[in-house]
J.: 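The structure's right below; bear with me while I get my questions together.
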Protein chains: 2
Amino acid sequence: MITSNYNTLPNFKKCNKCVNCNVRLIAFCGVIDHQDINKLESLSKDKNLKRQEHAFFQGDKVVNYYNIRKGSVKIYKLSKDGRKQIIGFLFPGDFMGMSHEESFSYSAEAIEDTVLCQFNKVGLENFFIKFPEIEDKILNLVNYELSLAQDQIFLLGKCSARERLLQFFLNMSKQRKKMGWVSNPIHLPMSRSDIANFLGLTIETISRSLSELKSDNTIKMVGTNDILLNIHEDLIS
Amino acid sequence: MITSNYNTLPNFKKCNKCVNCNVRLIAFCGVIDHQDINKLESLSKDKNLKRQEHAFFQGDKVVNYYNIRKGSVKIYKLSKDGRKQIIGFLFPGDFMGMSHEESFSYSAEAIEDTVLCQFNKVGLENFFIKFPEIEDKILNLVNYELSLAQDQIFLLGKCSARERLLQFFLNMSKQRKKMGWVSNPIHLPMSRSDIANFLGLTIETISRSLSELKSDNTIKMVGTNDILLNIHEDLIS
DNA sequence: CGAGCCATTGAATGCCATCAATTTTAGTGG
DNA sequence: CCACTAAAATTGATGGCATTCAATGGCTCG
C-alpha cells in the first residue's frame, strides 16, 4: 500500500507536520502563520487512541490540552450514583481539555480510532504571551462550545424524540460542512446507544423515531450508519 | 432614609466607583489592581434595567459586553415556531454578552431591577492587549459558564422532576455562597414559571415536586420565594 | 373589598421508558 | 466465501411519570 500519510513516516514530525495539516484550517493553530507554526509544533506531541480508549477521565488533574486531528471523541459526565450523560461529540479541529478548575468535570473517550495533538497546558499558556491571537481564537472556540451546549439545552428541554433525532442529524451535517466534508449523506461514527444517551432518550425510542423518519421519507438510510437527509438545503446548512 | 450607596451620588462615578465595588471580587475586573482600575472604569457605563427589560435580544449585533453588578438576569432562546427555553440565570459578578459570532444567539432579560456595567466590545478587547490577564479571566469565566451548561444537560437528560428542582436549589445556594451571600435559606428572584421553563418542566410539576419536598422535610418554605434546605452542609456547598 | 394573577391540587391523557422477543449486523474462524 | 456466534438494532406490549386540562385557593394591588 502506497501512502503519503505522515503518520507512516517516522521522521516526518520534524518535517513540517503542521504546515501540511488540513485540520489547521479550522483549529486554533490556524491563526499562526507558516513561518511561526514550527514553534507551536515543537510543543505538540501525537497521541493515538483506539476505540473506547480515553484521553482523560473526569476528576483527573488538567495537565494537557488537545486538538483532535482525526477521529471522533465523546465527552460525558458520570454522577456519583453511576448515571452517565454524554454532553458532546468532538471532531477534527475541535479543541479539548480546558476547564475552569484544576480537574476535569467530564471524561473524554474515542468512539473510533483517533489522533490527538497533545499540548502541555502550561507550555501552551506561556505561548499565549507571544501569540495572543491563539488565546483569542481559543476563547472564540470555547464560546462556540458554549453555544452548542445551549442549543442542546433547548433540545432537551423543548423537543420531542423525533425532533431531537432530526436536529441531531442536521447538527452532524452542519459539522461535516464546517470540516469541509460532504454534508449529505452523513456517516455516523457513534452507536445508537451513544446517540440515545446524548439525546436524553433510549435506544428503543431512537429506533422507533428512526423508523418514523424513514417511513415518511424525511431520511433514507444506506447501511446502518449512513443517512441521507431529504430536507431543503437551507435546513441542512 | 440615609444611604451610602454610590448610585445615589451623581458624581460618584468619577470618584472610584470600581475601587469600592464589592462585585469586583468575583468579576473579571477583579484581576486589575487598584492603581489601574480607573482606566477600566473609564470604559464602563452604567445601564439600569427594570424587571422584564432586556439588555439585548437574540439576533442583535454584539456591540457591548456587560458585567452584572446588581440584580438578576435570565437568558433564553426562542425557536422559529415560538418555543422558549431559558438557558441560564445570571447574577452579580457574571460576565455577559460574548458570542462566537456577530450576533447574539439568545436574549437577556432582567427578572428584577438590575444594574449592569456596560463595556464597548471593541474597547474592552483593545484593553486585552495592555492587560492580558483580563482575557485570561474572561476565558476562565466562559469555561465556567460552559461547565454550568454541561451540568444542565446532565440534569435535563438524566434527572427526575424532583431531582431537577432540588438540584436547582442546591445550585442557587452554591451561587449565593460564591457571591458571599447567605447560602441557606435562599431567596428565589425568579417566578415558578421561569423555574419550570429552565428545568424543562411545567409549573404544575414544579408545584407538585415542591409539595413533595416540603412534605418529606427536605426543604421548608418561608413565604413563597424563600427556601430553607434541610440538607447536609456538604451537599449545599 | 373585589379583580386578577399566580400557585396549588385533582383527574385524565400521552409520550417515552421498560420489559421482552425477534431480526439484523458485525466479527471470527473454518 | 460461508457458517457460526455475539452484539446491536428493531419491533411489540405494557407501564409510569410528567403533561394537559380543569378547578380551587391564596396573594397582591388598586
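Because only heavy atoms are used, hydrogens play no part in the values below, and waters and symmetry mates are left out as well, while side chains stay in.
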J.: Can you name the nearest heavy-atom pair linking B/Phe154 to A/Lys77, along with the distance?
T.: CE1-O, 3.7 Å

J.: Any non-hydrogen side-chain atom of B/Tyr106 less than 4.5 Å from a side-chain atom of B/Gln85?
T.: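 With C-beta onward as the side chain, the pair stays apart.
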
J.: Roughly, in whole Å, what's the span from CD1 in B/Ile195 to C1' in D/dA18?
T.: 17 Å

J.: Taking CG from A/Leu165 and P from C/dC15, how many angstroms apart are they, rounded to a whole number?
T.: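 In whole Å, C/dC15 P and A/Leu165 CG are 17 Å from each other.
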
J.: Check this for me: does any side-chain nitrogen of one of A/Arg51 and A/Asp113 sit under 4.0 Å from a carboxylate oxygen of the other?
T.: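 Judged by the 4.0 Å cut-off on N to carboxylate O distance, A/Arg51 and A/Asp113 do not form a salt bridge.
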
J.: Roughly how bent is the helix from C/dC1-D/dG30 to C/dG30-D/dC1 end to end, in steps of 10 degrees, with each end axis from five pairs?
T.: 50°

J.: Distance check needed: C/dA17 P versus A/Arg83 CZ, whole Å only.
T.: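 So the two atoms are 14 Å apart, to the nearest Å.
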
J.: In whole angstroms, how far is the P atom of C/dA17 from the NZ atom of B/Lys158?
T.: 9 Å

J.: For DNA chain D, what residues of residues 84-91 of chain A have any heavy atom nearer than 4.0 Å?
T.: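 Those residues whose heavy atoms fall under 4.0 Å from DNA chain D, taken from residues 84-91 of chain A, amount to none.
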
J.: State yes or no: are the ring centers of A/Phe119 and A/Phe28 separated by less than 6.0 Å?
T.: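 Aromatic pair counts; centres sit under 6.0 Å.
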
J.: Using 4.0 Å as the upper bound for N to carboxylate O, is an ion pair formed by B/Asp216 and B/Arg162?
T.: yes

J.: Take atom CZ of A/Arg162 and atom P of C/dA17, then tell me their distance rounded to the nearest Å.
T.: 17 Å

J.: Is there a side-chain polar atom (N or O) of B/Thr202 under 4.0 Å from OP1 or OP2 of D/dT19?
T.: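 Yes, such a contact exists.
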
J.: Can a side-chain donor-acceptor contact be found between A/Ser207 and A/Glu204 if the only test is distance below 3.5 angstrom?
T.: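 No donor-acceptor contact under 3.5 Å links the two side chains.
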
J.: For the residue pair A/Phe56 and A/Phe104, categorise the inter-ring angle as parallel (less than 30°), tilted (30 to 60°) or perpendicular (more than 60°).
T.: parallel

J.: C/dT25 P sits how many Å from A/Asp226 CG, rounded?
T.: 13 Å

J.: Could you give the CG-to-P distance, from A/Leu156 to C/dC15, as a whole number of Å?
T.: 19 Å

J.: How close or far is atom C1' of D/dA9 from atom CG of A/Leu213, stated in whole angstroms?
T.: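 Going from CG in A/Leu213 over to C1' in D/dA9 covers 16 Å.
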
J.: At under 4.0 Å between heavy atoms, which parts of nucleotides 3-10 of chain C does protein reach? Answer with one letter per nucleotide, 5' to 3': B base, S sugar-phosphate only, - none.
T.: ----SBBB

J.: Any non-hydrogen side-chain atom of A/Leu49 less than 4.5 Å from a side-chain atom of A/Leu116?
T.: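 Heavy-atom side-chain distance check passes, below 4.5 Å.
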
J.: Below 4.5 Å, heavy atoms only, C-beta onward: do B/Phe89 and B/Phe168 meet side chain to side chain?
T.: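 SC-SC contact between B/Phe89 and B/Phe168 confirmed.
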
J.: Is A/Arg83 paired with B/Glu163 through a side-chain N to carboxylate O contact shorter than 4.0 Å?
T.: yes

J.: Can we call the ring centroids of A/Phe95 and A/Tyr66 under 6.0 Å apart?
T.: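 Between A/Phe95 and A/Tyr66, the centre distance exceeds or equals 6.0 Å.
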
